[in-house]
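For reference, the structure is listed below as structure tokens.
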Amino acid sequence: MLLIPCPYCGERPEIEFTHGGQAHLVRPVQPADLDDEQWAQFLYMRTNTKGVHAERWRHARGCGRFFNALRDTTTDHFLAVYKSGEAPPAA
Amino acid sequence: MTDFRSATGGRIDRSKPLRFEFDGTAFEGFAGDTLASALLANGVHLVGRSFKYHRPRGIFAAGTEEPNALVTVIRDAARTTPNLRATQVELYEGLIAESQNRWPSLKHDVGRINDALSAFFPAGFYYKTFMWPQKAWKAIYEPLIRRAAGLGRAPVQADPDRYAQRYAHCDALVVGAGPAGLAAALTAADRGARVILCDESSEFGGTLLSDTAAAIDARPAAEWVREAIAALAQNPRVTLLARTTAFGYFPHNLIGLNERLTDHLASPPVHQPRERLWQVRSRAVVLATGAIERPLIFPGNDRPGIMLAGAAQTYLNRYGACVGARAVIVTSGDECYQTALDLHAAGVVIAAIADLRAEAAGPLPDAARRAGINVLPGSTVVGTEGDLRVKGIALGAVRDGSVQRTEHIACDVVLMSGGHTPSVHLFSQSRGKLQWSEDLRAFIPGQAAERSQSAGACRGIFALDAVLADGAAAAINATSGAGHDRPARAMTVETVPRRAIAYLGALPQPHSSRDKSFVDWQHDVTTRDLELATREGFQSIEHVKRYTTTGMATDQGKTSNLNAMAIVASNLGIAIPKVGLTTFRMPYTPVTFGSLAGTSRGDLFDPVRKTPMHAWAEAKGAVFENVGLWKRARYFPRPGEDMHAAVARECLAVRGSCGIFDATTLGKIEVVGPDAATFMNRLYINNWSNLAVGRSRYGILLRDDGFIYDDGVVARTASDRFHVTTTTGGAPRVLALMEDYRQTEWPDLKVWLTSTTEQWAVIAVQGPESRRALESLVEGMDISAGAFPHMSVGRGTICGVPMLLFRVSFTGELGFEINIPADHGPTVWEAVYRAGAAQGITEYGTEAMHVLRAEKGYIIVGQDTDGTVTADDAGLSWAIGKNKADFVGKRSMDRASMKSSDRKQLVGLRTKDARTVLEEGAQLTAKPGQKAPMELIGHVTSSYASSVLKCPIALAMIAGGRARIGHTLYVPMPEGELAVEVTSPVFYDPQGARING
């Protein structure tokens, strides 16, 4: 079980969190301007990174907040956590 | 008295004899014996029949790596445990054990025929044979094959024992209490760290328990062990866990330990848990997991009596059991010469030591020669004899690269050793990188991925002085930087230099033998199987493993993985490390399900959610169903009624006068704030800006991919406040989706969300008489038809309790939903029930609720939809807000595939015979009488007998469904094909007049 450092609550066990998928997916302001291909890209295509992955977590059974994290998907080590809306720190 | 008990020695308690039974025969052993050691002391080697070929098999090892001696231990009908390694079963008075996988008996097993027919059962035979006729596989072949092969039988009764669970934190978790682990634990404890030391065996000490020659700090090793344990036991910061297996290494240094508490006791105390699961989060982990001896690969290497050499030494020195009367030892290292000397001193004849090395020189081989033991360097093994017990061994000599058969030696036990394989299982589970050591011809831990240190034999260090120093160093590394500073205590050892070469792969042969050379004993995998796999084109070790099943038995290849790898490398003509290892997975050894479940079983498996009115429904005899974690009353049978009759009556009562229904479980979310309407507009498909305060609307929530996610009535109770309802199962995920958009997509909006599902009890009153039933109780509101039209919302009180009243209907009748603070649910419910008696108010459950809404074509998200249904598919395009620039899911509606007229659409179905109720999930075809594979065009989503319409009705999702209304379709079923007519999904009151009553 991962130990996840919530930026608001500190290190808590994985069971208190839900995974929020890849981070920094910007929902287009005008979806109507995208063609089907681009829209499908937004809906479905993910980087599936082997290595440092920017992803979202939600401390669902704690403070309830979303935050972002850099996690190495090969080791499950958390390199950094940062608040929703912030840019990822230089890894 | 037993024939093979040594005169003296061993750590058994000779003052405490124990009686036990194996396969119905009574034997004697001593306290401190394992089942295996006690059987060997009684001269018993034959303990099982192999998995596939049913060959006789004997005890092979002394520890958890044992592949052959799998037994079933029986306390009673429920407390029966199969597949236990006899080497780990601790003897107790009255123990009853049985061998497995044989019939009618161990000595005479009819399954032996598989061995004679083994040419037809090579690796992967079931991919090539037993294929025709197709029907025979399920009925005949598979049951037979499953019965013929296998290990033990599981008990059929529920496990009656209790299992405990515990969490712990420490600075240093030391896995393994052999010399490396003890040195590490002592060092870490000296430095003030909190230490947990665990070992899978009943005693701490590891190899030191079998090594009577070793001395530490000028004392016998056993004494050093005793003192070390005493020192650790006195330390309040140290926890000692014997009989505890570290079975899994999880991320961020979470280690799973399974502690066995009572299996070694003759009469376990009734209130004692049988096992305890520890989840330990440790600042650092020291892996002192030791090494496992390698067997040798030669023809006929699996007869009972052929075993690992180190095991023989353990049986003698730790358990006082001589494994035989006349032994031949085959070895690639000096270690076995000490074993030979120990056995020789105990009276076992050592007929020969066949050394695989070209030369056998050094202090230990010399000592053996001085003792009169025949030492044969440059040897190989070309065969063995004996059926239920080995009788003899045929040796060969390797000269200048060729092999000649030399002599045949009579013996009753063959002890083999190809060196040791470091146990890197836990290190690998932690995703540490392994590195290949050409010297050891083994993988050892390389770069660790977690904060762990490996020490001793598990990283290829075998000399005792180096092992102790390594353990201490590992503890220092593990505890540095945390304020623990003292250096390690001194531990001095006098050693005898030993040489060994690590052996891998098959022994050289003069020519190919008819006899099988086993690589994986537990899964009956031979060298020929590995050759077959590479010949058939399997090159990846992952494929070879799965095709041959080598390493896939309960021992997970502990004694076979590396030899298999070496043979595959040789077959493919590549270097061994290039073949690679398959992935190590937890558990290291099998863990009881009960231990992992802990208290999560039976009534405590899941939390149960009940509504405030649950007790009333229970008292009324309701039959409940599970909806997620909730208990919901499904129907209220009167005496003599089955479900069908009860539901028929309930539906007629609702449409005839009125019914009362508990709708509390549906999700409720308060969306509040100046931007509440904006938020709702962006999320749901509907237009919310034009919803007046005091009005409600049926809302639909899509995902951005355009598919229906949830639905529910949404009321505007103030300009900045929406009361959003969701499906029962959908409540948590709707709130989660809302929070996702609120926090991460539109954080600028001033809106807040609160779940109020459990704050409101909801009482639905539905039917033409529903208003009359309620009127007398409602205060502060005018609920007449004109003042409170359909889809109104208002605040008032009922029985003096604050109420939010909805005029809303899921039945298509005039209806209301009373929302009161949950604690008042029962009193208000009873008051409504009493007040409605004059109207014949009838309690109804979820089944009647399902039928009534289906009669009106109302969907249930998750039943009629499955995550691939759009609003238009479900016939709900009318609900989409006009002129909305964007909402979640809108863009996807314009994707080409989402506009296809061939999409599955919601329709109704009536069976032509007006009698048969369709099965939910049944498939539909357009053409009758097709043969498989048929062209399927849709499926039944909801299906009921309708007492109101006096015929069965169904809802279905059918390709191009709306265009097929009026057409006939077919439902192929095993009993015959049913014809159905496609109709509108609204079966009852299509004009919707009754809802306005």
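Among A:T18, A:D35, A:V26, the residue making the largest number of heavy-atom pairs under 4.5 Å with chain B is A:D35. Counting heavy-atom pairs closer than 4.5 Å to chain B, the top residue among A:L25, A:L34, A:D36 is A:D36. Note: B:R891 leads B:R703, B:Q279, B:R891 in heavy-atom pairs under 4.5 Å with chain A. Ranked by heavy-atom pairs under 4.5 Å with chain A, the first of B:T744, B:D894, B:D704 is B:D704.
Proximity to chain A involves both the backbone and the side chain of B:A896, based on heavy atoms less than 4.5 angstrom apart. Neither the backbone nor the side chain of B:N253 has a heavy atom closer than 4.5 Å to any heavy atom of chain A. With a 4.5 Å cut-off on non-hydrogen atoms, A:L43 touches chain B through its side chain but not through its backbone. With a 4.5 angstrom heavy-atom cutoff, A:R65 touches chain B via backbone and side-chain atoms both. For chain A, the nearby parts of B:S892 are the backbone and the side chain; heavy atoms of each come within less than 4.5 Å. At a 4.5 Å heavy-atom cutoff, the contact between B:E745 and chain A is made by side-chain atoms alone. Only the side chain of B:D886 comes within contact range of chain A, judged by heavy atoms closer than 4.5 Å. Interface residue B:Y741: only side-chain heavy atoms are found under 4.5 Å from chain A.
Taking every heavy atom of both residues into account, B:D740 and A:F66 meet most closely at CA-CE1, 3.3 Å.
Enclosure of atom CZ in B:F605 is not indicated, since only 12 or fewer non-hydrogen atoms of other residues, nucleotides or ligands lie within 6.0 angstrom. More than 12 heavy atoms of other shown residues, nucleotides or ligands fall within 6.0 angstrom of atom CG in B:D748. Other residues, nucleotides and ligands place no more than 12 heavy atoms under 6.0 Å from the CZ atom of A:R61. Other residues, nucleotides and ligands place more than 12 heavy atoms under 6.0 Å from the NZ atom of B:K899.
Side-chain N or O atoms of B:Q743 include one that pairs as donor or acceptor with a backbone N or O of A:G64 at under 3.5 Å. Side-chain atoms of B:H252 never come within 3.5 Å of backbone atoms of A:I4 as a donor-acceptor pair (strictly under, hydrogens ignored).
Annotation: the span from A:M1 atom CE to B:Y167 atom OH amounts to 5.5 Å, rounded to 0.5 Å.
Under a 4.0 Å N-O distance rule, the pair A:D72/B:R431 does not qualify as a salt bridge.
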